[in-house]
Structures are given as structure tokens and as C-alpha cells.
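What follows is a set of notes on a single structure, which appears directly below.
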Amino acid sequence: MSRKFALIAAGAVLLVILALLLAIPRTVKLVVNGQSQPLRTRALTVDGALRQAGLVLSADDRLDPAASALLKPGATIRLEQAQAVTILVFPSGEIVELRSAQRRPAYLLVEAGLTLGEHDRLSLNGLPLDAQAELPYAGQVLLELRQAVAVTVREDGASRTLQSSAAMLGQALWEAGIRVQAADRTSLPLDTPLDQPLEVQIERAQPVKVQLDGREISLPSAAASVAEALQEAGVSLQGLDYSLPAEDEPLPADRAIRVVRVREEVTLQQTPLPYKNTFQPDANTELDKRSIVTPGEFGVQVARQRVRYEDGVEVARSEEDKWTAKEPRDQVIGYGTQPVVKTIDSPYGALEYYRAVDVYATSYSPCRLGVPNYCNSVTASGQTLRQGIAAVTRAWYSWLAGQRVYIPGYGIAVIADTGGGIPGRYWIDLGYSDADFVSWHSTVTIYFLTPIPASVPWILP
């Protein structure tokens, strides 16, 4: 055998041996996105092993060793797959999108051409994020970069400028150690977005005293005027009320305000007009009953007086007008003036009454006064409106204030308030609280309960 033939034969044997060795499966360590797993493969290269594992490389992935490297037994293959990264930049509103196998946010920002300033803040899914923290593989990452803006704060003649990446002004002040109390005033709302440089003026609240209704309210306030201070104290001037100093004046040096509650009442004084013929009372005839001698009708003269109260004290009284509500018609009549006590059965037992009158009954409560968007629980007598309070016309109220009455289906009530009434009809308005309100629109008989008052109007206007 020639020497050349021997060498060829030996080479062939070596190739066969090498092929047999390469065909033997081997185990390598495959680490994908930080997750390690063993892989048994006959592949000769790293790329072949990855294909056997079902992994397809993209241009942005990171691989070590290179895909073309020969695979050695016991080798470790490290693959970091690229993922989609979206970076929202505030307050500019810029959106940067990229694909990267980088896991550290600081490097992702560099790849996106962004810088993280000293006062900027970075967050992942709304949670604060360390720029050097390694991100887990998620396939898609949403980062928020909030860049700081300048906030100039002016207070008590001094000024300071701070850099903040907070979402709103209030948060920026809090993080800077600037505490704004509820009564303090800022030239901008605390929920103003930090989407541009801001300048804010802070006015600190000082003690204010408000005297009203026999009591004193103390509160901190940064108000500049009396009206603003009263509004912050929850005090409103109703009707004729006034304040000292006046609402449109600045706060006085002593920061003290007095509120004067003003109430005016109009009372009607009723005087019967006698007939031109004989008009004779009949003490033997029951109240509300008459004996007609000659057909005719009484006339009624009414005097209207206005009474002014300040803080519950009468300060003025004047007669405004006097008129004849009803012209008399000539007749001679005997009218009953004798109250007769009777009884009526009720859920409270037998009740004594001296007068029964048919009236049209309605009902009301603090927020059902017939005035849109208005509530008031204070009655003409000063009592709180509730069940057991009844309102009548001014004409009746002047005579009957404080009178106890019984209304079937409602109960016992005290005449303690006034209302408009229904022209041409006797009328009563039955009080309730808003919680237990019952609607009334019907004719009922009201019973005036004993004791009989010293002054009983013989004729109800």
C-alpha cells in the first residue's frame, strides 16, 4: 500500500470518528432573560441550539457567545431578548418608542436620547423607579419621565424658587416642606398641574373673630374683606342683616366683625266697623254664631304696623297704613261673643276646645317653602320648624300667636309662624321637618284648645 493511500485512509477514519463524536448529544446551559434551563442538543453552533429551543433571534437581541460560535460541551448561552419600550415625557408630552434588550432604565434613557436631571423622577406603571434598577423582561415596558419645572413661591415679601417634578402644585409645595393650611390662600389652586414654570403667592391665615347671635366664632382666615371672612366662617347675611364693618369694607385692624341680625314683622290690628244702624254684641250667643236682627254685614278696618328687631330686641315700631278691609252693610246684628267649652275625642284622649273653624290645610318644611333652592328652619316666633308648628296668615297670627290647636289626622300644634295664605279662604300651613314631611291639600276642621286666651277675636279676618 502506498504512503498516499495510507494517509487518505487515516483521514477518512478520523472524519468518521469526528462525525460520530459530533453526533453525540451534549448538555449546555441556556439562560434566556435571566431564566436558566438545561438544553440537550446535537447542534454544532449557538444559533443551531437556539433554533432547536424554538428561539428566533431579532436584530435588537443580545447574545453571548455569538450565533455563529461553535458549541462546546457544558457551554453557557446567554440571550437577552429585546422588548418594546415606550417613554412618556412630562410636561412636554413627548412620546419616545424603541426596542432594546437593555434592562437598566438609565441606559434606556440614553438610547432614547433623554437625560435624567437631579430633580426629575422616573416611574414604571405609576410607581417610583430607580434608574439603576434592573427591569424584568415583560415584552413591553411603559416608563414615565417627569422632568422638573421651576416653581417660584412668594410669601411675606420673600421669594424662593424650587425645582419640582411633582404632578401638581400642592404636591410640589409639600415635598419642599412648605405647608399650606386649609385657611391659607394661594394665588393658584393647589391642584394646578406642573406643566410649565409657575409663580404662586401664599397668604397665611390670621385669627378672625365674628360675633353673632350672642356667641363668638374664632377662625383663621386670609380674607381681605369682611364679606370674604364671613363666607369662610359660614355666616350669611339674610334679608336686612348687616355687619360692622360693612361687607364691602376691608377687615379692621383688630380683625373683629359683628353681625347684627335684623328681623321685621308686620302686624295687623283689626277693628270692627260698626253698622250705621244698630250693631249689638250678644253675650248670650256662642262664639262664631250670630243673631241677625236686620240683614247686613260688618265692616273691618285694619292697621298695619312694622316692628323692627335687631338681635332679638325691638328697636323701632311704626304704623305704615290703615285701610278698610271690608265696608259695612247696614244692619242690626247680634254677634256671639261667648266661648263655649266642648270636648272632642282624639288619639290624645278627650280634648277641650272653645272654637272650631273649617280651614284649607297645606303643609311645609324647612326646604319646602315654595322658594327654589332656599331652606329656612326659623319661624316667625323664633322656634325651629318641625311637626307641631302651624303657620297662619299675618292677620290671624297677630291675634293667635301661641294658640294651641288640634287638627284631626295631624295632631296638636302651636300657631308659631306666618305664611301667605290663600285669598278668600281660611287657611293653615302644617309644619314638618324635611325628614317626616307629609303633603296636605284638604279642608279640615281645626279646634282651638283651652285655656281660652284673655283676648279672643270675635271675628276672624
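No hydrogens, no waters, no symmetry mates; every other heavy atom, side chains included, goes into these values.
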Identify the two heavy atoms, one from [X] and one from [Y], that lie closest to each other, and give their separation to 0.1 Å.
X: Val180; Y: Ile202; answer: CG2-CD1, 4.3 Å
X: Ala53; Y: Leu30; answer: CB-CD2, 3.9 Å
X: Ala223; Y: Ala229; answer: CB-N, 3.4 Å
X: Ser365; Y: Asp434; answer: OG-OD1, 2.6 Å
X: Leu71; Y: Ala43; answer: CD2-O, 3.8 Å
X: Lys209; Y: Ser218; answer: CG-OG, 3.8 Å

How about [X] and [Y]: does a side-chain donor come under 3.5 Å of a side-chain acceptor?
X: Thr152; Y: Thr161; result: yes
X: Gln81; Y: Asp61; result: no
X: Asp417; Y: Tyr397; result: no
X: Asp120; Y: Ser165; result: no

Whether over 12 other heavy atoms sit under 6.0 Å from [X] [atom1]:
X: Arg404; atom1: CZ; answer: no
X: Glu320; atom1: CD; answer: yes
X: Gln35; atom1: CD; answer: no
X: Glu314; atom1: CD; answer: yes

Point to revise | Basic-acidic side-chain contact under 4.0 Å: Arg204, Glu155 | key: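 Salt bridge between Arg204 and Glu155, a charged N being under 4.0 Å from a carboxylate O: yes.
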
Check your understanding: Please, which pairs that meet side-chain hydrogen bond (donor to acceptor under 3.5 Å, both in side chains) have at least one residue in residues 189-199, sequence neighbours excluded?
Key ->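 Matches after skipping sequence neighbours: Arg154-Glu199.
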
Point to revise | From CA spacing to verdict: side-chain hydrogen bond (donor to acceptor under 3.5 Å, both in side chains), Tyr242, Glu310 | key: CA-CA 10 Å; Tyr242 64 92; Glu310 293 188 358; 3.2 Å; yes

Point to revise | Parallel, tilted or perpendicular: rings of Tyr447 and Tyr406 (30°, 60°) | key: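 Ring orientation of Tyr406 relative to Tyr447: tilted.
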
Practice item. Just say parallel, tilted or perpendicular for the rings of Tyr432 and Tyr410, cut-offs at 30° and 60°. Key: perpendicular

Review point. So Arg185 and Glu228, salt bridge (charged side-chain N to carboxylate O under 4.0 Å, His left out) or not? Walk me through it.
Key: CA-CA 12 Å; Arg185 291 197 175 191; Glu228 292 174 348; 3.2 Å; yes

**Study point:** Glu249 vs Glu247, side chain to side chain contact (heavy atoms under 4.5 Å, CB included): CA-CA, chis, key distance, verdict
**Key:** CA-CA 6 Å; Glu249 294 185 22; Glu247 279 187 289; over 6 Å; no

Review point. Under the side chain to side chain contact (heavy atoms under 4.5 Å, CB included) criterion, do Arg355 and Leu460 qualify, and how do the steps go?
Key: CA-CA 11 Å; Arg355 190 174 217 166; Leu460 290 172; 4.0 Å; yes

Exercise for review: Start with the C-alpha gap between Ser164 and Glu175, add the side-chain angles, then the distance that decides, and say whether side chain to side chain contact (heavy atoms under 4.5 Å, CB included) holds.
Suggested key: CA-CA 8 Å; Ser164 176; Glu175 291 176 354; 4.2 Å; yes

**Study point:** Distance (rounded to the nearest 0.5 Å) between Asp213 CG and Gln211 CD
**Key:**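 Nearest 0.5 Å value for the CG-CD distance: 11.5 Å.
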
Practice item. Could you tell me which residues satisfy ring pair (Phe, Tyr, Trp, His ring centres under 6.0 Å) with Tyr426, sequence neighbours excluded, listed by chain and number? Key: Trp396

Point to revise | Identified salt bridge (charged side-chain N to carboxylate O under 4.0 Å, His left out) counterpart of Arg103 within the set Glu80, Glu111, Glu134 | key: Glu80

**Study point:** Chi angles and distances behind the side-chain hydrogen bond (donor to acceptor under 3.5 Å, both in side chains) call for Thr393, Trp427
**Key:** CA-CA 7 Å; Thr393 63; Trp427 167 85; over 6 Å; no

Do side-chain atoms of [X] reach the backbone of [Y] as a donor and acceptor pair under 3.5 angstrom?
X: Asp345; Y: Ala350; answer: no
X: Gln305; Y: Thr267; answer: no
X: Gln181; Y: Ala183; answer: no

**Study point:** From CA spacing to verdict: side chain to side chain contact (heavy atoms under 4.5 Å, CB included), Leu63, Leu57
**Key:** CA-CA 9 Å; Leu63 180 64; Leu57 291 176; 3.6 Å; yes

Exercise for review: Please step through salt bridge (charged side-chain N to carboxylate O under 4.0 Å, His left out) for the pair Asp64 and Arg78, ending with a clear verdict.
Suggested key: CA-CA 5 Å; Asp64 183 32; Arg78 299 186 183 275; 5.6 Å; no

Practice item. Show your working on salt bridge (charged side-chain N to carboxylate O under 4.0 Å, His left out) between Asp311 and Arg258 and close with a plain yes or no. Key: CA-CA 11 Å; Asp311 289 336; Arg258 180 189 169 206; 3.3 Å; yes

